[in-house]
Amino acid sequence: MSESRFQLHVITDGKRQSQELYDIVEAAVRGGADVIQLRYKSAPALDLYRLAEAIRPAIRGAGAGLLINDRVDVALATGAEGVHLAAKSLPIAATRPLMQGDQWIGCSVHSVEEAVKAEQVGASYITYGHIFATNSKPGLPPRGVDALRRVVDAVNIPVLAIGGITMENIDEVLATGVAGIAVIGAVMADLEPERAARELRQRMDASHHRPKKALPLAKALSDQHGRSEIVQ
C-alpha cells in the first residue's frame, strides 16, 4: 500500500459495548479502514483503556492504527498510534513532550486560523468540518468544500475532512487535496460496516485526485518501533 493514498478514519460513536464494538471495528478494518479513533467522551479512563485493549488486536492484525480521542494517558498506556485532541483537551504544546516522536497528535479545527495555529504548535494532522449537513451537528450550517479547500491550502500538514461525507459527495471532498476522510455514522451505524468501509475505500483508491500532504501508514509506525508490543 502506498503512503500517498487517501486514508479512511472511522470514529466510534460512543454507543457500543465491548463485544459489539469489537465486531464493528473488526469489520471496518477488514473493509479497509486505515485508522480507528476510539471516542467515548463520558467513559472513565479504565473503561476506555479496557475498550482500547479489546479492539487493539483486530486493528493491529489488519495493519491499521488506533487513535484515542482526548485521553493522552490512555493513548500512552495502550501504545496507540496517537491521540486526537479537541478544543477542551490538553493543549498540543503540552501534549507533544509526553508522546513518542512518531506518535500522532491530531486535533479538530473549524477555521483557517485554527488550522494554521495547530500546525505552528506541532499538530501531526488536523480534522476540519463539518463539511456537509450531519445528524451529529443538528442545526449547525455545514462549512462546505470551498472552506475545506482553503484550510488544505493554508497548511503543510495532512487535513482530514469530516461531517456528512457519503459515496455521493466524496469525490468533491477528495478534489480539495485532503489526506482522507473521517466518518462516524457512515460506518458505525451501517448494518454492514465492512461493506460500508470497503465502498468508501474503493472510491478513494479509484480517485484520480491525490492528497496534498498524506499521512504515513499506521502499520509502518508500529513495525518500525514495535509499538504493538508495548502492552500485552
Side-chain angles (χ1 to χ4, degrees), residues 6-60 62 64-72 74-75 78 80-89 104 106-110 125-140 142-143 160-170 173 178 180-201 203-204 218:
F6 294 108
Q7 287 200 8
L8 172 60
H9 290 212
V10 175
I11 304 173
T12 64
D13 58 11
K15 301 176 182 177
R16 319 289 169 169
Q17 298 303 311
S18 183
Q19 185 57 51
E20 184 184 16
L21 178 65
Y22 181 91
D23 292 342
I24 295 174
V25 164
E26 184 180 40
V29 294
R30 197 165 55 235
D34 297 282
V35 168
I36 301 296
Q37 183 187 138
L38 185 58
R39 182 177 182 266
Y40 273 68
K41 287 193 172 294
S42 61
L46 180 58
D47 291 350
L48 192 64
Y49 172 82
R50 286 172 172 166
L51 284 171
E53 286 293 276
I55 65 175
R56 198 170 65 112
I59 295 171
R60 295 288 167 74
L66 172 65
L67 294 176
I68 306 297
N69 184 278
D70 185 49
R71 297 301 300 259
V72 178
V74 176
T78 57
E81 272 63 53
V83 65
H84 187 88
L85 305 174
K88 295 182 180 180
S89 301
W104 298 343
C107 71
S108 300
V109 302
H110 304 95
Y125 74 90
I126 55 177
T127 297
Y128 178 79
H130 57 292
I131 308 304
F132 304 105
T134 172
N135 291 334
S136 64
K137 301 286 184 181
L140 293 178
R143 291 178 166 84
L160 297 174
I162 190 172
I165 300 171
T166 66
M167 291 290 288
E168 287 69 38
N169 58 35
I170 189 173
V173 172
V178 292
I181 64 170
V183 299
I184 305 174
V187 172
M188 292 295 299
D190 198 287
L191 294 177
E192 299 179 69
E194 180 178 351
R195 175 198 53 76
R198 181 172 290 112
E199 289 181 352
L200 290 168
R201 174 78 268 152
R203 181 65 63 87
M204 288 191 289

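Not measured: the values here are computed from a predicted model. Side chains included, hydrogens not; waters and symmetry mates left out as well; all remaining heavy atoms used.
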Practice item. Using the six-membered ring wherever Trp is involved, compare the ring planes of Tyr125 and Trp104 and label them parallel, tilted or perpendicular (cut-offs 30° and 60°). Key: perpendicular
Practice item. Measure the spacing between NE2 of His84 and SG of Cys107 and express it to the nearest 0.5 Å. Key: 6.5 Å
Revision key, fill the gap. Distance col, row Ser89:OG vs Arg71:CZ, nearest 0.5 angstrom, shows 10.0 Å
Point to revise | Atom pair OG1/CD1 of Thr127 and Ile181 - distance to nearest 0.5 Å | key: 11.5 Å
Review point. Side chains of Glu81 and Ile59: closer than 4.5 Å at any heavy-atom pair?
Key: no
Exercise for review: Could you pull out the closest heavy-atom pair between Leu66 and Ala80, with the gap in Å?
Suggested key: O-CB, 3.3 Å
Point to revise | Residues Glu199 and Arg195 bridged, charged N to O under 4.0 Å | key: yes
**Study point:** Heavy atoms of other groups near Arg16 CZ, more than 12 under 6.0 Å
**Key:** yes
Review point. Taking the side chain from Arg198 and the backbone from Gly32, do they hold a donor-acceptor pair closer than 3.5 Å?
Key: no
Review point. Okay, side chain of Asn169, backbone of Ile131: is any donor-acceptor separation there less than 3.5 Å?
Key: no
Check your understanding: Should we count CD of Glu20 as having more than 12 external heavy atoms under 6.0 Å?
Key -> yes
Practice item. Would you name the heavy atoms of Pro142 and Ala133 that are closest together and state the gap between them? Key: CB-N, 3.6 Å
Point to revise | Heavy-atom closest contact (Ala182 atom, Ile162 atom, distance) | key: O-CG1, 3.3 Å
Revision key, fill the gap. Rounded to the nearest 0.5 angstrom, the CD1-OG distance for Ile126 and Ser108 is 9.5 Å
Check your understanding: How long is the gap from CD on Gln19 to CD1 on Ile24, to the nearest 0.5 Å?
Key -> 10.5 Å
Check your understanding: Salt-bridged, Glu53 to Arg56, with N to O below 4.0 Å?
Key -> yes
Point to revise | Asp70 bridged to Lys41 by N-O distance under 4.0 Å | key: no
Practice item. Have a look at Asp34 and tell me which of Gln7, Arg201, His9 forms a side-chain hydrogen bond (donor to acceptor under 3.5 Å, both in side chains) with it. Key: Arg201
Practice item. List the atom of Val187, the atom of Pro193, and the distance in Å for their closest heavy-atom pair. Key: O-CB, 3.6 Å
Review point. Can you tell if the side chain of Leu200 reaches within under 4.5 Å of the side chain of Arg203, non-hydrogen atoms only?
Key: no
Exercise for review: Please tell me if the side chains of Leu48 and Leu38 come closer than 4.5 Å, counting only heavy atoms from C-beta onward.
Suggested key: yes
Study note, to complete from the structure: Residues passing the salt bridge (Lys or Arg N to Asp or Glu O under 4.0 Å) test with Glu168, sequence neighbours excluded, are none
Exercise for review: Over all heavy atoms of both residues, which pair between Phe6 and Gly180 is shortest? Give the atoms and the distance, please.
Suggested key: CD2-N, 4.2 Å
Review point. Taking Thr12 for the side chain and Arg39 for the main chain, is one N or O donor matched with an acceptor at less than 3.5 Å?
Key: yes
Check your understanding: Do the side chains of Phe132 and Val173 get nearer than 4.5 Å, heavy atoms only?
Key -> yes
Check your understanding: Hey, are the side chains of Leu21 and Ile55 touching, using non-hydrogen atoms and a 4.5 Å cut-off?
Key -> yes
Practice item. To the nearest 0.5 angstrom, please state how far the CG atom of Leu160 sits from the OH atom of Tyr128. Key: 14.0 Å
Review point. Does the side chain of Met204 come within less than 4.5 Å of Ile170's, by heavy atoms?
Key: yes
Review point. Tell me, do Val183 and Ile11 make a side-chain contact under 4.5 Å, heavy atoms counted?
Key: no
Check your understanding: Which atom names give the shortest non-hydrogen contact between Val178 and Ala161, and what distance separates them?
Key -> CG1-CB, 4.2 Å
